[in-house]
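Residue numbers begin at 1 in each chain, while the letters A, B, ... track the order of the sequences.
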Number of protein chains: 4
Amino acid sequence: MRADARRNRERILEAAEEVFAVAGPDASTEEVARRAGVAIGTVFRHFPTKADLLRALMKRLLQQVTDDAAELVASGDPAGALFEFVARLVERTAANRAVVNLLAAEGMEVPITGPLGSLSDAVGELLARGQESGAVAARIRLDEVMALLVSACQGALHGGWDADLRRRTLGIMLVGLRPSP
Amino acid sequence: MRADARRNRERILEAAEEVFAVAGPDASTEEVARRAGVAIGTVFRHFPTKADLLRALMKRLLQQVTDDAAELVASGDPAGALFEFVARLVERTAANRAVVNLLAAEGMEVPITGPLGSLSDAVGELLARGQESGAVAARIRLDEVMALLVSACQGALHGGWDADLRRRTLGIMLVGLRPSP
Amino acid sequence: MRADARRNRERILEAAEEVFAVAGPDASTEEVARRAGVAIGTVFRHFPTKADLLRALMKRLLQQVTDDAAELVASGDPAGALFEFVARLVERTAANRAVVNLLAAEGMEVPITGPLGSLSDAVGELLARGQESGAVAARIRLDEVMALLVSACQGALHGGWDADLRRRTLGIMLVGLRPSP
Amino acid sequence: MRADARRNRERILEAAEEVFAVAGPDASTEEVARRAGVAIGTVFRHFPTKADLLRALMKRLLQQVTDDAAELVASGDPAGALFEFVARLVERTAANRAVVNLLAAEGMEVPITGPLGSLSDAVGELLARGQESGAVAARIRLDEVMALLVSACQGALHGGWDADLRRRTLGIMLVGLRPSP
DNA sequence: TATGAATGAGCCTTCATTCAT
DNA sequence: CATGAATGAAGGCTCATTCAT
């Protein structure tokens with residue numbers, strides 16, 4: 001792929017991220033092209049289908065989020081890592097509607113590369129470390145954490161809450177993860 | 001308004017509830033008309049805009065939910081009422097996509113009638129009673145409860161979770177509302 | 001269906017016949033709408049798909065042609081009927097590209113009503129009568145007549161032949177149908 | 001023109017022949033490029049327009065067909081040559097949609113080189129020899145033969161007829177060329 | 001008032017053609 | 001010269017909304 005093509009591909013993805021972030025996946029591809037400063041044909045050359053574009057977007061986000069998790073796994077703070085991860089994800093969602101879709105995506109099937117094979121693996125790792133360190137109750141299961149993640153992120157999308165309210169609410173939601181004293 | 005007109009209005013709302021419940025707000029107005037057994041023109045005569053129809057729907061749901069809350073307020077179980085309310089709302093959402101929008105609606109501006117002036121008032125009342133009874137921590141604020149409600153309901157919309165996972169996750173999310181022992 | 005709707009449907013079909021007659025089936029639906037003096041949505045309301053429109057057109061033509069055949073069957077000139085029919089069809093094709101497609105259509109599946117159940121039946125009847133009367137050789141089979149029909153009509157579509165050349169050529173092509181003296 | 005350029009031109013024409021043979025003239029130029037193993041720009045450098053490419057293709061085919069005729073002229077079987085030629089052309093058409101267009105081409109204007117100046121000349125020669133040998137009726141004119149050719153080839157394009165039906169139908173169509181006994 | 005046909009903007013996608021690399 | 005990315009005009013189709021019946 002030529003340099004300018006790669007550059008355009010990147011610009012399209014960035015434009016798409018912005019557009020879908022505010023308008024959701026129903027935003028028009030034309031709008032993406034406009035924002036990217038390319039013709040509509042160019043978008044479809046890079047992503048033959050609107051679904052392909054969305055998929056590529058998901059993949060990017062998924063990679064970022066999973067890398068984030070991997071980093072926290074390696075951070076040497078097993079007790080706080082899971083909580084920190086959730087907090088980051090929620091904040092990220094508040095700024096990008098697309099994030100939440102990737103959590104809820106069913107057949108998205110976008111394999112990611114790196115130390116952890118998937119987002120679930122990554123969160124599972126964070127969960128395990130948290131439990132080993134005693135910061136997370138042993139009774140908590142991975143599916144519950146994932147569901148909680150989705151809920152928290154979905155919530156962050158709506159209501160125009162400020163960062164403070166988001167933080168307080170999340171704090172409450174996470175109490176249940178800790179071991180009962 | 002003539003009797004048959006009012007009857008049509010009601011049928012349209014019911015059809016809309018069913019349609020939007022399963023297909024979300026992107027379902028076509030034509031589908032609503034079809035399900036209601038009226039012509040498309042009739043729908044637009046009653047609700048000049050699709051947004052108006054959705055708004056009316058929200059109002060109905062809001063009324064139902066608020067009435068539900070009012071009933072719980074009067075039920076004489078101050079300790080459990082808030083928790084019960086949240087649980088009901090989440091289950092209702094899982095069966096009706098529209099519910100969640102009503103929680104997140106921004107400028108919805110749909111005044112409701114009855115003992116409690118708004119959903120916030122109703123939840124506020126449940127919160128106050130819960131705190132008085134000692135079942136809910138005094139530090140919890142209303143905006144946090146509302147945000148938690150939105151998050152839980154949004155979550156219930158996605159992922160195809162079964163009722164069991166929904167219940168477990170909700171249980172974890174609500175731990176933080178209780179007083180620390 | 002309302003009167004104006006039926007009128008529009010008819011106008012669309014007529015416009016479509018004209019448009020597809022000169023430009024073939026690749027002509028745009030928009031052009032049809034323009035020629036019919038209606039908006040594009042109206043065309044799609046009557047014929048949900050371009051294929052549906054073409055199919056309706058085929059059906060109309062098929063009906064006309066089959067009726068034509070039925071009339072000739074009843075005309076009391078068994079010896080000449082088949083030849084007359086072929087000649088008429090070829091002339092019709094020369095003025096309407098669509099005709100030929102209807103002969104070549106594979107899964108078109110447009111049942112027609114009337115004395116003869118299908119075009120093949122109609123031609124078969126003409127063939128049988130011709131053979132009984134001795135004007136057509138007994139060795140000729142229906143599939144050969146149909147194929148000959150397609151060839152003659154296809155030919156009539158091209159080359160800008162004048163009516164005279166068409167007539168002469170057809171005359172030559174039909175000699176083979178007659179019994180060898 | 002450089003050697004590699006000429007080589008590319010040839011590869012494009014061959015690819016085009018294959019592609020248009022099966023998909024007709026609506027096949028995409030990109031597909032031709034792909035099949036030829038060159039970039040799309042190369043196709044347009046050699047043939048500034050899709051129509052130019054088709055025209056060049058026609059010319060090639062025309063040359064082949066005319067050469068075929070010339071060969072038959074020289075074959076020493078004046079009685080059978082015209083019939084053989086028609087049969088070959090029909091079979092060629094059944095395997096190559098493009099052939100028929102070259103017969104029907106209006107302002108194609110593609111002068112061909114070789115013993116016979118044009119396809120018409122070639123067929124005229126076959127006709128003349130056939131008539132001299134007594135195998136073809138004297139009353140037959142060249143334009144009739146050409147028209148018959150077009151019809152037979154057009155027919156061969158459609159209906160999914162098998163080789164047997166094609167042969168039988170052609171047999172019938174050609175009877176009229178022979179002298180009446 | 002109800003009906004449902006008509007409207008037309010807008011969406012996704014394709015493809016001949018141009019042009020920077 | 002070749003490459004292949006970019007362009008942008010259509011095309012088929014959908015759907016909220018309007019309006020004649």
Side-chain angles (χ1 to χ4, degrees), chain A residues 1-9 12 26-33 36-53, chain B residues 1-6 8-9 26-34 37-53, chain C residues 1-9 12 26-33 36-53, chain D residues 1-6 8-9 26-34 37-53:
Chain A
M1 190 189 285
R2 273 193 294 183
D4 57 341
R6 195 184 327 276
R7 197 161 44 245
N8 265 344
R9 192 191 143 93
I12 289 167
D26 288 353
S28 89
T29 311
E30 203 105 29
E31 176 62 30
V32 172
V38 302
I40 183 66
T42 303
V43 176
F44 278 90
R45 158 171 276 266
H46 286 281
F47 308 95
T49 275
K50 187 181 183 178
D52 288 329
L53 175 56
Chain B
M1 188 187 287
R2 286 188 338 205
D4 58 340
R6 196 186 322 282
N8 266 346
R9 193 190 142 90
D26 289 354
S28 89
T29 313
E30 197 99 31
E31 176 63 32
V32 172
R34 198 152 35 235
V38 303
I40 182 69
T42 304
V43 175
F44 276 87
R45 162 167 286 273
H46 285 282
F47 309 94
T49 274
K50 187 180 184 179
D52 289 329
L53 174 55
Chain C
M1 191 189 286
R2 271 194 289 173
D4 57 341
R6 197 187 322 279
R7 197 161 47 244
N8 264 345
R9 191 191 143 93
I12 290 167
D26 288 353
S28 89
T29 312
E30 204 103 28
E31 177 61 31
V32 172
V38 301
I40 183 65
T42 303
V43 176
F44 279 93
R45 158 172 276 267
H46 286 282
F47 308 95
T49 275
K50 186 181 183 178
D52 289 328
L53 174 56
Chain D
M1 189 187 286
R2 285 186 341 200
D4 58 340
R6 196 184 325 280
N8 266 345
R9 193 191 141 90
D26 288 354
S28 91
T29 314
E30 197 97 31
E31 176 63 30
V32 172
R34 198 155 32 238
V38 303
I40 182 68
T42 304
V43 174
F44 276 88
R45 163 166 287 271
H46 285 281
F47 309 94
T49 273
K50 187 180 184 178
D52 289 328
L53 174 56

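As judged by a 4.0 angstrom heavy-atom cut-off over every strand, D:S28 is placed among residues touching the sugar-phosphate backbone only.
Residues A:R7 and A:F44 each lie close to DNA chain E; by heavy-atom proximity, the contact nearer the 5' end of the strand is made by A:F44. Between A:A39 and C:K50, the residue anchored closer to the 5' end of DNA chain F is A:A39, taking for each the nucleotide with the nearest heavy atom. Of the two residues near DNA chain E, B:I40 and A:G41, the one whose nearest nucleotide lies more 5' is B:I40.
Distances shorter than 4.0 Å separate some side-chain N or O of A:T29 from OP1 or OP2 on E:dC12. C:T42 has no side-chain polar atom (N or O) that falls below the 4.0 Å cut-off from OP1 or OP2 of E:dA5. The side chain of C:R45 contributes an N or O atom lying less than 4.0 Å from OP1 or OP2 of E:dA5. Checking the phosphate oxygens (OP1, OP2) of E:dT1, no side-chain nitrogen or oxygen of B:N8 falls inside 4.0 Å. Between C:H46 and E:dA6 there is a side-chain polar atom (N or O) within less than 4.0 angstrom of OP1 or OP2.
For A:V38, taking side-chain heavy atoms from C-beta onward, the closest of the listed nucleotides E:dT17, F:dC13, F:dT7 is F:dT7.
A:E31 places its CD atom 15 Å from the C1' atom of E:dC12, with the value rounded to the nearest Å. Protein atom CD of A:E30 is 14 Å distant from nucleotide atom P of F:dA10, rounded to whole Å. Atoms CG (C:D26) and P (E:dC15) sit 12 Å apart, rounded to a whole Å. Between C:R6 atom CZ and F:dT21 atom P the separation is 15 Å, expressed in whole Å. The CZ-C1' distance, from C:F47 to F:dT14, rounds to 18 Å in whole Å. As rounded to whole Å, 14 Å separates atom C1' of F:dT3 from atom CG of D:D4.
With both pairing distances under 3.5 Å, E:dC15 is matched to F:dG8 as a Watson-Crick or G-U wobble pair. F:dT21 and E:dA2 make up a base pair, with Watson-Crick or G-U wobble contacts both under 3.5 Å.
Rounding to the nearest 0.5 Å places CZ of D:R45 at 13.5 Å from CZ of D:R9. Here CG of B:N8 is found 5.0 Å from NE2 of B:H46. Values are rounded to the nearest 0.5 Å.
Nearest approach of C:L53 to C:V32, heavy atoms of both residues: CD2-CG1, 4.3 Å. Minimum heavy-atom separation, B:A33 to B:V43: CB-CG2, 3.7 Å.
A donor-acceptor pair under 3.5 Å links the side-chain atoms of C:S28 to the main chain of C:E31, judged by distance alone.
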